[in-house]
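Numbers restart at 1 for each chain; the letters A, B, ... are given by sequence-line order, proteins then strands.
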Number of protein chains: 2
Amino acid sequence: MASIAAPLKLGSFPDDHHDHKKCVTQALRQADGICTTRGVRLTDMRRQVFALVWQSHNPVGAYEVLEGLRAGAKKVQPPTVYRALEFLLAQGLIHRIESLNAYIGCTVPGDAHAGQFLICRDCGQAAELIDQRIDAAIDQGAKSAGFYVEHPTVELEGLCAHCRSTSEANSHYE
Amino acid sequence: MASIAAPLKLGSFPDDHHDHKKCVTQALRQADGICTTRGVRLTDMRRQVFALVWQSHNPVGAYEVLEGLRAGAKKVQPPTVYRALEFLLAQGLIHRIESLNAYIGCTVPGDAHAGQFLICRDCGQAAELIDQRIDAAIDQGAKSAGFYVEHPTVELEGLCAHCRSTSEANSHYE
DNA sequence: TTTGAAATGTTACAATATAACATTCAAGCT
DNA sequence: AGCTTGAATGTTATATTGTAACATTTCAAA
Ligand SMILES: [Zn+2]
Ligand SMILES: [Zn+2]
Ligand SMILES: [Zn+2]
Ligand SMILES: [Zn+2]
């Protein structure tokens, strides 16, 4: 069997021990619970889209989701996908990564939050971060400009720990 | 005559006293200087695109720029615009606002920086911020995740001071 | 003045997203 | 069960944003 810890810690990228199947299963169960509690419907279509967004820890484009659905012998059109994504965004079950025009599953659904993202330019994976100090600094900075922040976008592109060491090792040959 | 202070302070939105013509003139002069110093060419096309991006303090889409160029009796195509934008981005003369697919003139060109943006959802204007504390908090947060940030995107949508008071005044009637 | 690289022109298309209207579905009511 | 209604999805068409590939022009150095 694979590992014990299925849900990923905030701000961390999956390692060799990561059991992604478990990870997805847990996300689906959580989503079910949240939707039931709220009295909104996680229909089959929405559930499929959610699962496709969660297919990996890389942000997924809407048209990738579309292809995923079509692989299931259905003839789905773009609006269907965008509607499902819209629903999932509204429920806080996924986030949109603006700098990639892509979507990723939320690591901490259920409670409202903005979400900050670490996006590795090498492996393409993204990790969600919820750093109080970043939020505080942003509120501070905005406040001193008399600005009221409603919807912050924080997307940090760079290198994850793993790719960092890898590319450093390779940098001798480049 | 209009006002004295043409260049906008960091993090501030233009007020009634803002002399935008001066604002643009100064930006163009700065850009000329920077390009000369660096030995890169701010061609006529690039200069026009730059001026169009600076036409207001609202982020401007690539196709808006295209229209602006075409208004000048030219038959320009998209690649021309995107190339000019790419050049201006590379030189740090403009920034791209990811959450809007749009571009805005840099308030502090010349020295390399990431740039954080306050974007008013009401008036549509955007103000650049360079807040050391936000940068520091981000670096801290990323570092504790073992992540190395190369290209941060910080875009804060909300209400500017002016629109905030306006919409509060109107909120009685909504 | 040649000449080569940089810049722009041109054509065609890819990728992302939405408008508008039709149909189906599912839950509550009779 | 059958009816009603709003939500969800289907369907068609198109808008918006962005690039690939190759041709031509421009400009500065040799
Ligand atoms: Zn996982
Ligand atoms: Zn990585
Ligand atoms: Zn101005
Ligand atoms: Zn405003």
Taking only the side-chain nitrogens and oxygens of A:Thr43, find out if one of them lies under 4.0 Å from OP1 or OP2 of C:dC25.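 Checking C:dC25 against A:Thr43, no side-chain N or O comes under 4.0 Å of OP1 or OP2.
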Taking ring-ring contact (aromatic ring centres under 6.0 Å, His included) as the test, write out the residues that go with B:Phe147, two or more places apart.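 Here the qualifying residues are A:Phe13.
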ring-ring contact (aromatic ring centres under 6.0 Å, His included) partners for B:Tyr148, two or more places apart: none
Roughly, in whole Å, what's the span from [atom1] in [X] to [atom2] in [N]?
X: A:Leu66; N: D:dG10; atom1: CG; atom2: P; result: 11 Å
X: A:Arg70; N: D:dT11; atom1: CZ; atom2: P; result: 11 Å
X: B:Met45; N: C:dA7; atom1: CE; atom2: P; result: 13 Å
X: A:Leu89; N: C:dA17; atom1: CG; atom2: C1'; result: 14 Å
X: A:Arg47; N: D:dA8; atom1: CZ; atom2: P; result: 17 Å
X: A:Leu88; N: D:dA8; atom1: CG; atom2: P; result: 12 Å
X: B:Lys74; N: C:dT8; atom1: NZ; atom2: P; result: 11 Å
X: A:Phe87; N: D:dG6; atom1: CZ; atom2: P; result: 20 Å

Which of C:dT8, D:dT11, D:dA8 is nearest the side chain of A:Arg46? It is D:dA8
Please table the atom pairs, donor to acceptor, closer than 3.5 Å between any side-chain atom in residues 71-83 of chain A and protein atoms at least two apart or in another chain.
none

Among B:His20, B:Lys21, B:Gln26, find the one that has a side-chain contact (heavy atoms from CB on, under 4.5 Å) with B:Val24.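 Answer after filtering B:His20, B:Lys21, B:Gln26: B:His20.
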Suppose we screen for side chain to side chain donor-acceptor pair (under 3.5 Å). Which residues come up paired with B:Glu86, at least two apart in sequence or across chains? none
Which letters describe nucleotides 15-30 of chain D, given B = protein heavy atom under 4.0 Å from base, S = only from sugar-phosphate, - = neither? --BBBBB-----S---
Any residue meeting side chain to side chain contact (heavy atoms under 4.5 Å, CB included) with B:Arg96, in chain and number order, not counting sequence neighbours: B:Leu89, B:Glu98, B:Asn101, B:Tyr103
